[in-house]
Amino acid sequence: MAKLRTYQTMENTDYVFTFASEPQDVSSNDKALMTKYGEPEINLGGTFTLAQLTYTLPDQFVKILSGFPVKVKFSPDAAPWSDTNLDNKFDLYRTTIETRFSAAYTALRANDDTFTGEYVTNI
């Protein structure tokens with residue numbers, strides 16, 4: 001099990017998302033998988049799409065445990081935020097990051113160790 005906490009705040013006129021995933025919120029099995037296979041990354045940027053709503057942000061890759069907490073600020077005066085649909089765009093941003101975080105853990109847990117084992121040869 002792992003937890004992603006999302007805090008949404010305002011700093012002056014900026015919209016701020018803080019994504020946090022604390023080590024104590026990650027199971028020992030997930031930690032062992034990260035040790036074995038490496039810590040997955042997610043992109044806090046890229047393309048965000050839902051129905052007729054699409055926008056793109058610069059790529060920003062962070063590791064799902066050691067890269068957190070991470071703070072992302074958006075100015076309402078800068079594209080893609082400077083037009084209409086602010087609430088929908090911010091909801092899409094948050095839910096997409098949550099989906100990517102979940103997908104990273106799903107992919108991590110799907111790793112299959114075909115190497116580890118004992119091989120006995122009788123001579």
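Please read all numbers here as calculations on a predicted model, not as lab measurements.
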Quick check against the 3.5 Å criterion: does N12 have a side-chain atom that pairs as donor or acceptor with the backbone of D14? no
Common cluster, Y105/Y37, ILVMFWY with side-chain heavy-atom separation under 4.5 Å: yes
D87, CG: over 12 other non-hydrogen atoms inside 6.0 angstrom: no
Same apolar cluster: F61 and M34, side chain cutoff 4.5 Å: no
Side-chain touch L65/V26, heavy atoms, less than 4.5 angstrom: yes
Side chains of I97 and F48, heavy atoms from C-beta outward: is any pair under 4.5 Å? yes
Could you report the tightest heavy-atom contact between F19 and F68, atom names first, then the distance? O-CD2, 3.2 Å
Does NZ belonging to K31 count more than 12 external heavy atoms closer than 6.0 Å? yes
Is it true that a side-chain atom of T99 and a backbone atom of T95 form a donor plus acceptor pair closer than 3.5 Å? yes
Are any non-hydrogen side-chain atoms of N29 and R109 less than 4.5 angstrom apart? no
Any P80 side-chain heavy atom under 4.5 Å of L57 side chain: yes
Determine whether Y93 and F74 satisfy the following criterion, ring pair (Phe, Tyr, Trp, His ring centres under 6.0 Å), listing intermediate values before the conclusion. CA-CA 11 Å; Y93 180 74; F74 299 113; 5.1 Å; yes
Working to the nearest 0.5 Å, report the span between NZ of K89 and OG1 of T54. 10.0 Å
How many angstroms lie between OG1 in T13 and CG in D77, if you round to the nearest 0.5 Å? 6.0 Å
Quickly, which of I42, L44, L4 forms a side-chain contact (heavy atoms from CB on, under 4.5 Å) with R100? Name it, please. I42
Report the C-alpha distance between F90 and F17 in whole Å, list the side-chain angles of each, state the deciding distance to 0.1 Å, and finish with yes or no for ring pair (Phe, Tyr, Trp, His ring centres under 6.0 Å). CA-CA 9 Å; F90 287 136; F17 289 88; 5.8 Å; yes
Measure the OG1-NZ distance between T9 and K73 for me, rounded to the nearest 0.5 Å. 8.5 Å
Report yes if the side chains of Y55 and L92 come closer than 4.5 Å at any heavy-atom pair, otherwise no. yes
Which heavy atom in I64 sits nearest to a heavy atom in A104, and how many Å separate them? CG2-CB, 3.8 Å
If you round to the nearest 0.5 Å, how far is CG of L50 from CG of N88? 8.0 Å
Please check: side-chain N/O of D25 versus main-chain N/O of A2, any donor-acceptor pairing under 3.5 Å? no
So with a 6.0 Å cut-off around CD of E118, is the heavy-atom count from everything else above 12? no
Between the side chain of E11 and the main-chain N/O of V16, is any donor-acceptor distance below 3.5 Å? no
Heavy-atom donor-acceptor pair, S21 side chain to K3 backbone, under 3.5 Å: yes
